Amino acid sequence: MNRSGIFAAIASLRTGVLAYLLAVGIASVAAAADNPYNLIDPKGISVGTMGDAKPYTFATADGQFTGFDIELFLNVVSRMGFSKDKVTFTGQEFSALMPSVANERFDVAVAAIGTTEARKKTVDFSDGYLAGYLSILTPDAAIKDATGLKGKRLGVVQGTLQEVYATKNFAGTDLVKFPDNNSAVAALNNGTIDAHFLDYEAAKQYGERYPSLKVAVNIPSFDAPAGFVIRKGNDAFRTALNKALHEAMQDGTWKTLYEKWFPGSPMPEQYLPKK
Ligand code: SNW
């Protein structure tokens with residue numbers, strides 16, 4: 001090959017490389033346009049949740065998921081172009097929810113999941129949308145505070161902030177770990193445990209269903225507001241969720257859902273429309 005032949009070969013190689021880079025660039029722009037939120041299947045959103053955290057999230061008799069968190073989430077993603085039929089809910093044990101988001105089994109987990117630094121090591125959170133209490137549910141009138149729990153058997157759902165709090169603060173209490181609230185409350189009703197430790201609104205709900213069970217102790221968990229849990233680094237999804245979430249707060253949707261699902265509970269200021 002002579003000199004000009006070599007130049008021609010280099011020139012055509014360059015054209016080829018440029019064409020290739022352009023094609024890759026177009027393909028990735030197209031992929032981002034088709035799947036801007038990096039969803040597992042861009043056609044819809046897969047959500048991990050719980051069947052027995054009423055009124056936050058629960059399954060109805062016909063297998064539909066509903067509750068405050070579910071309705072808020074559906075409203076939020078409808079603002080991002082995902083109608084209800086594009087959202088699939090799957091019930092799981094609480095302890096599996098965050099790992100399942102990290103492992104790309106779900107795009108998001110929605111179940112009154114409190115935001116903490118420890119959890120942020122494996123998943124990301126949207127902005128907070130609920131801040132409330134961790135509560136002791138018991139038929140035992142002698143349990144009024146941490147001291148009353150000494151020597152008692154206390155149920156917690158594995159992986160919850162209640163488990164973390166009880167381990168740290170209820171010395172001398174026997175912790176009994178359950179996969180879900182229903183099995184813990186069944187154990188409470190048959191006397192296997194003395195109390196169960198869960199989120200305030202869920203405790204209140206079980207108390208209405210089983211009148212012998214009373215909400216006895218409330219521990220503020222305002223520093224761990226519930227957020228939507230997403231895969232670490234999925235910032236486009238998180239940004240869009242936050243924008244839509246704040247719209248839902250600003251236009252009064254959040255307030256309407258709060259009054260619907262938590263009637264009689266004090267109305268927090270921070271999620272109401274700002275003037
Ligand atoms: O930290 C609280 C938050 O302030 C609000 O009251 C809603 O519940 C919390 O997020 C705590 N929830 C527990 C947790 O994140 C249990 C969640 C569940 O049972 N689904 O571990």
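First listed ligand is number 1; within each ligand, the first listed atom is number 1. Just so it is clear, the structure is predicted and the values come from calculations on it, not from any experiment.
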Exercise. For atom 19 (O) of ligand 1, which protein heavy atom lies nearest, and how many Å away is it?
Worked result: Met50 CE, 3.8 Å
Exercise. Residues in salt bridge (Lys or Arg N to Asp or Glu O under 4.0 Å) with Asp52, at least two apart?
Worked result: none
Exercise. For the atom pair CG (Leu39) and CD (Glu104), what is the distance rounded to the nearest 0.5 Å?
Worked result: 10.5 Å
For this session: Determine whether the side chain, the backbone, both or neither of Leu161 has a heavy atom under 4.0 Å from any heavy atom of ligand 1.
Result: both
Exercise. At a non-hydrogen distance cut-off of under 4.0 Å, which region of Phe94 contacts ligand 1 (side chain, backbone, both, or neither)?
Worked result: side chain
For this session: Please check if atom NZ in Lys84 has more than 12 non-hydrogen atoms from other residues, nucleotides or ligands closer than 6.0 Å.
Result: no
Seminar exercise, completed: Here the gap from Asp235 atom CG to Tyr37 atom OH, rounded to the nearest 0.5 Å, amounts to 13.5 Å
For this session: Could you tell me whether some N/O pair between Asp199 and ligand 1 is separated by less than 3.5 angstrom?
Result: yes
For this session: Select the closest option to atom 2 (C) of ligand 1 among Ala224, Gly128, Gly114, Gly159, judged by heavy-atom distance.
Result: Ala224
Exercise. Ligand 1 and Ala53, any nitrogen or oxygen pair closer than 3.5 angstrom?
Worked result: no
Problem set entry | Test of proximity, Ala111 against ligand 1: N or O pairs below 3.5 Å | yes
Exercise. Tyr210: what forms a ring pair (Phe, Tyr, Trp, His ring centres under 6.0 Å) with it, not counting sequence neighbours?
Worked result: none
Exercise. Is the backbone of Pro211 close enough, under 3.5 Å, to the side chain of Lys214 for a donor and an acceptor to pair up by distance?
Worked result: yes
Exercise. Going by distance only, is there an N or O of Asn181 that falls short of 3.5 Å from an N or O of ligand 1?
Worked result: no
Exercise. What do we get for Met98 next to ligand 1 when only non-hydrogen atoms under 4.0 Å count, side chain, backbone, both or neither?
Worked result: neither
